[in-house]
Amino acid sequence: MPDFFFRTEDIRPDEVLDYFVETNKDRQIVDALKNRNPTILIGSRGVGKSFLLRVAQKELQDNFESDRVFPVYISFVRSSLLISTDPDQFKHWMLARICSSIIRALNKAGLLGGVPKSINLLAGGQVSPTVGITRVDRIADAYENSWKFPESSVDIDGLPSIDDFKDSLEDLADTLNIRRFVLFIDEAAHIFLPEQQRQFFTLYRDLRSHCITCNAAVYPGVTSFGETFQPVHDATMLSIDRDVLSSDYVDNMREIVQKQADSSLLTQIAQYGKNFAILAYAATGNPRLLLKTLARAPKVNSQQVNEAIREFYRTEIWAEHSTLSEKYAGHKALIDWGRDFIESTVVPDLKGKNDQYLLSERATTAFFWIHRDTPEVVKEALRVLAYTGIVVEHAVGIKASRGEIGKRYLVNLGCLFAHEVAPTSSVFEIAKALTPKRMTEYGANHGSYRPLTESTSININQGIALALMAQLDKPAYVLDITPWQKEKLAELGLSTVRDVLNATEERLKEANYVGDVRARRMRNAAVAAVLEYLSG
Amino acid sequence: MLADQEAVEALTKSQNYLLDYDRMKSAITNRPEVSVLSAAVKEYQFALFALAAGQYRHAFVGLRLFFELMLVTIQFSAREIDYRMWESGTKDINWSALKDSQTGIFSAGFINAFNPQFSESSKQYSAIAEAVYRECSEFVHGNAVTHLSLPAEIVFDRNAYFAWHQKSETMRVVITFAFAARYMNYIEVGAMEAMEPVILDAIGHLPAVQAVLSKTFEE
């Protein structure tokens, strides 16, 4: 099985440009992330949000000497580990993590040689010329370790207020001749925790200053913006969907693979170009899905591609979606209904139409439309489907029959293809003839909504807390890591998610054939997988 | 190794590629750059010999040189002055120049000048060429990974052995593509007939190949 990088976290930040395949849309996004206006990047899992943040960061770093714009990358993925007694834990932790990341980035860039006084405020105490562990590092770490001692309280003495933080950055900018700090906040707001979303966007709004630009990457379902943040006024909202209808779509997806594949796989791709195109269309613009399915079909022949599409898009992509209902019990009815709606209503409708269209050589469809007055729970179910990449929000404010207004969605093409008997012999024609003009319409009171609207077990408005402890006790094989990594974890007796999270690099090095570099990479991959698993 | 039927078959297959390269040589026998192709084929034979003797690093090194010489044959066909300078020892072969996206043998300008129908696929084959060259270069430069993957003694190593054949096969595909793109429109019908099975076997799935071949034989 080819050893692809499925996550940006596994790629060294200074090598990120080596893997970058630039489309026009990507360039627009990277430029927007680099310029003065704050930007919010929206996209499903695996579409490349973290990657583009890293590209923008690297480009700013490379031009720092001339432009004096200083980038700082901050990931909030550890937010799912916060279980302290502090009601404002998320706000305090965010601020501590941001301060800590800025100090670390400045130190790494060699800008703290003289240690300016203003850094002390940011660090929550006196900073020595060697810049070791600061007070804000300890505060952030204490919150992140609160899952080990859930009833513990965290001492936030030394944490700056927002105003102190902004003043401190302004002073630092003057002292270090920095024109602007650009913060890239990844995994910014938890999809299932509206309260965290509100707190994040409030902080995001509060951080506005002439010397700070705050950018963030969020999932499509994030909609709780709080009272002060207004999406259009306070940030440019950009969606990162690769257009499957574009004429160079397959070429772009192939170039992404070319950056990582060996010569043998590239030769197979050249020989079975049509099969590769089918996998690329099935991924619906999501590079991670393409790499995962390609890893299962390294010969790219019809037999392997058919099996990969059937196994991945009929079973595995749904397994991830359905796991969410175990983690967020209040959403269970909604998540399960979403799956049933797509599998039993939308896909059969679309397939039936395409069978007819292909017979008469007409344009095909993978689009459906939902009336804007559809019940809120149905919209919420669709947001969860967009989060896992099962559907993509294609366009809003679309007129359908009788002039009614609604939102158009594209269903993941892999899920559509998986219902064909032999995808390689039929779906290429469907993919090539797609048009958004053909869409299946579901009105405001469509009959298929009834099981959901009549359900009494939905509880989406109370910010369902993640059952963290139960998730930590799950076996380690639930993690999305390579079979080799799983084997090594088993060899070491790290049998649960908790064991993996607790394991040190030293412990990982005890496995056969695991040295310093591999242990670091393996721990990074394992921890990234744990955090991704916990965050939903 | 002789008891391993699969290994014997792989060796026979790679040995038989020499017949394909002979046909390429025959097709351009009147051109000056044919001597470079001959030198390339000789290196391929040395590489095969090293492989059969369990000298894996040298087998990969020889394979890379063969690949570079085969592709530079095509570059020299368009720039005779470079060939003459190389022949007289005043110019080196340069891999970066060969794969240069603006002026190399897979660039749009080069392909369009000789056979525009191939331009749609040229980027893809350029990427394959670059990958297989890079993989062989690891053995040339003695990268750490090659010391781990090759046996310390002279013994048969299945992984290294089949990896070599895999790369040889990949190179044949890339060479056939570059050769067809450069010469297909300009060689005589007899030579074309001799080349047809080679081209069809390696890159017959390309619509450009099917179009050119059907046109050639209609005429």
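Chain naming here is simple, since letters A, B, ... match the order of the sequence lines and numbering starts at 1 in each.
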**Request:** Find out whether A:Phe276 and A:Leu290 are in side-chain contact, i.e. whether some heavy atom of one side chain is under 4.5 Å from a heavy atom of the other.
**Result:**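 In contact.
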**Prompt:** Does B:Phe110 reach the side chain of B:Arg182, with side-chain heavy atoms less than 4.5 Å apart?
**Reply:**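 Yes, at least one pair of side-chain atoms sits under 4.5 Å.
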**Item:** Point-to-point distance, once rounded to the nearest 0.5 Å, from CD of B:Glu169 to NZ of B:Lys13
**Value:**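 Reported to 0.5 Å precision, the distance equals 4.0 Å.
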For [X], which atoms come within 4.5 Å of any heavy atom of chain A: side chain, backbone, both, or neither?
X        : value
B:Val173 : side chain
B:Gln124 : both
B:Tyr125 : side chain

**Asked** What residue in B:Arg134, B:Glu135, B:Gln166 has the most heavy-atom pairs under 4.5 Å with chain A?
**Response**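 Going by pairs under 4.5 Å, I would pick B:Glu135.
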**Asked** Knowing that exactly one of B:Phe60, B:Phe46, B:Tyr21, B:Tyr17 qualifies, which makes a ring pair (Phe, Tyr, Trp, His ring centres under 6.0 Å) with B:Phe66?
**Response**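 Going through B:Phe60, B:Phe46, B:Tyr21, B:Tyr17 one by one, the ring pair (Phe, Tyr, Trp, His ring centres under 6.0 Å) with B:Phe66 is satisfied by B:Tyr21 alone.
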**Asked** Is the shortest side-chain N to carboxylate O distance from A:Asp18 to A:Lys259 below 4.0 Å?
**Response**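 Here A:Asp18 does not pair with A:Lys259 in a salt bridge, since their nearest N and O are not under 4.0 Å apart.
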**Item:** Winner by heavy-atom pair count (cut-off under 4.5 Å) against chain B, out of A:Gln271, A:Gln268, A:Glu255, A:Gln258
**Value:**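 Option with the greatest count: A:Gln271.
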